[in-house]
Every structure is written in C-alpha cells, then in structure tokens.
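Computed from a predicted structure; not experimentally measured.
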Amino acid sequence: MALTAGTRIGPYEVTSQLGEGGMGVVFRARDTKLQRDVALKLLRRMLSIDLVRVYERSGTLTTAA
C-alpha cells in the first residue's frame, strides 16, 4: 500500500509507515479532530472482504462513530 506522509483518511493524517505484514500495513497518523497520534491498520483488500463476510455471518460487525 503506497500511502505517503500527508495522506488524509477521514480525520487522520498519515505521518509514517510503522510496519507491514501478512494482514496489512500499519501507519502512524494524527487524529486531526482529537489532536493525538494514532495507529491505523489497513487490511489487504481480499483479507478485509473475507473478514467482513465472517463478521456479517456471526452478527458481530460493528463500526466506530
């Protein structure tokens, strides 16, 4: 995943990449609303589609407001 410093994802501004593994990539970002640093984990496309299907079947899919 090619995200660079300054890329915005909703209220988050990516500052650097922290790591990468089989499930996806973790980035350090700044929450511009709460003014704090956070970690964003972006799942690989096929894995995230499969996880959504599993959660939908189990009835445990939730979202953060």
Side-chain angles (χ1 to χ4, degrees):
M1 286 179 200
L3 292 182
T4 58
T7 300
R8 300 278 308 233
I9 301 173
Y12 307 107
E13 184 175 334
V14 173
T15 56
S16 64
Q17 182 175 324
L18 293 175
E20 184 172 357
M23 291 183 66
V25 184
V26 178
F27 294 92
R28 177 184 303 258
R30 183 79 179 161
D31 183 329
T32 58
K33 288 185 178 181
L34 299 176
Q35 297 301 308
R36 63 180 178 181
D37 289 335
V38 298
L40 295 178
K41 184 171 192 175
L42 302 181
L43 299 178
R44 301 201 187 286
R45 182 174 172 83
M46 291 310 294
L47 178 63
S48 62
I49 290 170
D50 290 342
L51 287 175
V52 167
R53 287 183 186 142
V54 168
Y55 285 119
E56 284 174 343
R57 275 185 251 140
S58 68
T60 59
L61 183 63
T62 61
T63 59

Just distance, no hydrogens or angles: give the donor-acceptor pairs under 3.5 Å from side chains in residues 8-16, sequence neighbours left out.
residue : atom : partner : partner atom : Å
R8      : NH2  : T32     : OG1          : 3.3
T15     : OG1  : R28     : O            : 3.1

(message) Under the rule for side-chain contact (heavy atoms from CB on, under 4.5 Å), what residues qualify as partners of V26, not counting sequence neighbours?
(response) L18, A39, K41
(request) Sequence neighbours left out, what passes side chain to side chain donor-acceptor pair (under 3.5 Å) with D31? Give chain and number order. (result) none
(message) L40 vs L3, test: side-chain contact (heavy atoms from CB on, under 4.5 Å). Steps then yes/no.
(response) CA-CA 12 Å; L40 295 178; L3 292 182; over 6 Å; no
